[in-house]
Protein chains: 2
Amino acid sequence: MVVRNKATIADVARVAGVSTATAGRVLGGYGYTSDEMKDQVQKAARQLGYRPNALARGLITGKTRTLGVVAGDIQNPFYASVLRGISNVAEADGFGLLITNSDESRSKEVQSVELLAQKQVDGLIVTPSDTRKARHLHNLLSMEIPLVLIDRAVAGLSVDRVAADNIAAGEQAVRHLFEAGHRRIGIIAELVEDEGDGLAAFLARAASGDPMEAEALYPSWQRLLGYVRAHRIAGVAVDPRLVFRAGSYSAEAAQVGVPLLLGLSDPPTALFTTDGTMSEGAMRAITALNLSIPRDLSLVCFDDLDWMSFMQPGISTMSQPRLAMGEAAARMLLERIQGENCPPRTVLLPAELISRGSVLRRVLDPAV
Amino acid sequence: MVVRNKATIADVARVAGVSTATAGRVLGGYGYTSDEMKDQVQKAARQLGYRPNALARGLITGKTRTLGVVAGDIQNPFYASVLRGISNVAEADGFGLLITNSDESRSKEVQSVELLAQKQVDGLIVTPSDTRKARHLHNLLSMEIPLVLIDRAVAGLSVDRVAADNIAAGEQAVRHLFEAGHRRIGIIAELVEDEGDGLAAFLARAASGDPMEAEALYPSWQRLLGYVRAHRIAGVAVDPRLVFRAGSYSAEAAQVGVPLLLGLSDPPTALFTTDGTMSEGAMRAITALNLSIPRDLSLVCFDDLDWMSFMQPGISTMSQPRLAMGEAAARMLLERIQGENCPPRTVLLPAELISRGSVLRRVLDPAV
DNA sequence: CTGAAAGCGCTTACAG
DNA sequence: CTGAAAGCGCTTACAG
């Protein structure tokens, strides 16, 4: 049972006194075999400690039962949860998971995709780092390797994807603040990439009600769009000075935004932070400034990170279903691998407002 | 360049007008070839969009350049960081990473190891869920598949491993509290598995200075051991009622410990929580009870989770080098794969005390 | 239902 | 330096 050198089907066949074809049939679970043969072969296999070689099987069947994932950074709670979701459904179907990090860099992503393709994964789940240039992803399609996108879309790449409904989420977060009586609401957003003609132009177009091509926007831009829409609904003009663009994806970059916004001559009474990392940065600044929430500042964050529920007071936030996003993506990918042939699907999962204690109800000044 | 059907070495050879052996030699980077041949073959390969099939290569070389990892739960920040560390070094060496979750269940771990072995990983990194029964891991050794353990050791399994120095860490955390003048220090620990004859016996043996077999203890028991040692050093007897055993690995289980300890007739003035999850549970309880830290209760946690640095006040904690643990494990595994043959190594990485604002300095009652 | 033979896409001795 | 041939460990038609 405990055997040093790995036994092959040929070894098992020899011991069982049958052909390799027959041994393969019972061990591989394909074709027909008599019960008698089955017993013999299984006994021999057990005796030799036979373990199928997935490489050989994959080489001949053209299927590896392995999924490839290109995540931004496993260490980030967003990706960690998404990965767990993917893992849950992959595992249930006996699929393995080959995981890489792109660190949101296009070149690392290209490298990852190449590695995974060489390892012959049956399909790929990617959070694309560039929503424009994605030849490596188009290549995948032309090689008929199924692909599912998470979190971001790629312009012109028509494939299955799952994301949070970011526009609606941004709108709901800010509407919540308006309903509590806030009128000057700051937003701290990543907004790394340029969308068109810069931030000012984007705000102007969005405020004018221009039905923009919002599908392929980066999530932070979509959430900003929701922020603008909530303003339109509330009949309040967007003040561009209240929009803080971190410009890089880090808590440190977000952190500097808080004092900047609060230093305005007419400072905001509330803040909306557009993702987990931005929220963390803002929180650091709030702690450093010794501000009391919600007395000095109201706050709605994004992503339900563990600390938000046990801060004092609890932090209200838009919770996106990270686990479910991963699960949905994996399920769609598995369907494609099994031959599903319908047109590309876009699954937008709603984020949920979790209302805790970080929003102050303001009595509106009747003069305003 | 963009090609529908995947080209093989045979295709490239045909186009280049050479033998498959020659094509293989230049594409695979082994053996000698003239520059002339090289050019021809590379041109043909580019033209056909040739991509090596790692399956075929792996089948023949017996090496897949893939590492397998069995983690407890990718979603847990501890594992997420460890995985990132592993990923960093694997990636630098061009290795792929096959990742599974065990959820700390032995049967899922056995299943994961089997899957990874079938996929012919070159080596495995495992956080064993059972430090006693590990036949599946012994099997790996007898098949000469390199194995590195993280966080936990397995009794009788002599392989490379890396972990935090948990005993020293526990001791330092509690000594820190003693030095601040605390005498009654509660501890909230997982302590899921039984170590020998139960908690009481363990405490008695530890307090007597018995040089225990501490190597194969679960981390939470080791940290408890450090707690006891700090008491011996301080000359304070351990009160078993101050030891809260969560008994399951969840924040909820830890959460019930805080009111229990504080409800004692002679309650603790300080708490030591022995890992990230226990810390989170304790924090939830502290928030629920509306306690002010450190006025009502002092606190030293374990693992430097992001929220600990921006709570108000900051939470003092023992920070274990999670990333470095993953990196060290991956490096050792790679060495073994490359043939390193030295005796099994144990790498104990020190945890670092990060002192923030959660410990109150107490003036000692001169009567005591 | 079973077996002999071919083949998946590579690499590896072995001649030349 | 190059090529013909064998083989890694399986599965898949094809006969019987």
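No hydrogens, no waters, no symmetry mates; every other heavy atom, side chains included, goes into these values. Nothing here was measured: the structure is a model prediction, and the numbers come from that model. Order of the sequence lines fixes the chain letters, A, B, ..., with proteins taken first and strands second; residue numbering starts at 1 for each chain.
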Practice task
Rounded to the nearest 0.5 Å, what's the gap from NZ on K119(A) to OG1 on T66(A)? Could you check?
Solution key: 10.5 Å
Spacing between [X] atom [atom1] and [N] atom [atom2], to the nearest angstrom:
X       : N       : atom1 : atom2 : value
K6(A)   : dC10(D) : NZ    : P     : 12 Å
R57(A)  : dG7(C)  : CZ    : C1'   : 17 Å
K119(A) : dC10(C) : NZ    : C1'   : 14 Å
L55(A)  : dT11(D) : CG    : C1'   : 15 Å
I9(A)   : dG7(D)  : CD1   : C1'   : 16 Å
L59(A)  : dT12(D) : CG    : P     : 12 Å
Q120(B) : dG9(D)  : CD    : P     : 9 Å
K63(B)  : dG9(D)  : NZ    : P     : 13 Å

[N] OP1/OP2 closer than 4.0 Å to side-chain N/O of [X]:
X      : N      : result
T8(B)  : dG9(C) : no
T22(A) : dG3(C) : yes
Y30(A) : dC1(C) : no
T20(A) : dG3(C) : no

Look at the side chain of [X] and decide which nucleotide, out of [options], has an atom nearest to it.
X      : options                   : value
Y32(B) : dC1(D), dG7(C), dT2(D)    : dC1(D)
N53(B) : dT11(D), dC10(C), dA13(C) : dC10(C)
S34(B) : dT11(D), dT12(C), dC1(D)  : dC1(D)
V18(B) : dG3(D), dC8(D), dT12(C)   : dG3(D)
R25(A) : dG9(C), dA13(D), dG3(D)   : dA13(D)

Practice task
Select from S19(B) and I60(B) the residue whose nearest nucleotide in DNA chain D is closer to the 5' end of that strand.
Solution key: S19(B)
Problem - Nearest-nucleotide 5' precedence on DNA chain D, L27(A) against A56(B) - result: A56(B)
Under 4.0 Å between a Lys/Arg side-chain N and an Asp/Glu carboxylate O for [X] and [Y]?
X       : Y       : answer
R161(A) : E215(A) : yes
R345(B) : E340(B) : no
E109(A) : K133(A) : no

Practice task
Would you please say whether a donor-acceptor pair under 3.5 Å links the side chains of N76(A) and Y249(A)?
Solution key: yes
Completion exercise
Those residues at least two apart in sequence (or on a different chain) that pass side-chain hydrogen bond (donor to acceptor under 3.5 Å, both in side chains) with Y218(B) are none
Practice task
Name the pairing partner of dA4(D), where a pair is Watson-Crick or G-U wobble with both distances under 3.5 Å, or state none.
Solution key: none
Practice task
If dA13(C) has a Watson-Crick or G-U wobble mate with both distances under 3.5 Å, name it; if not, just say none.
Solution key: none
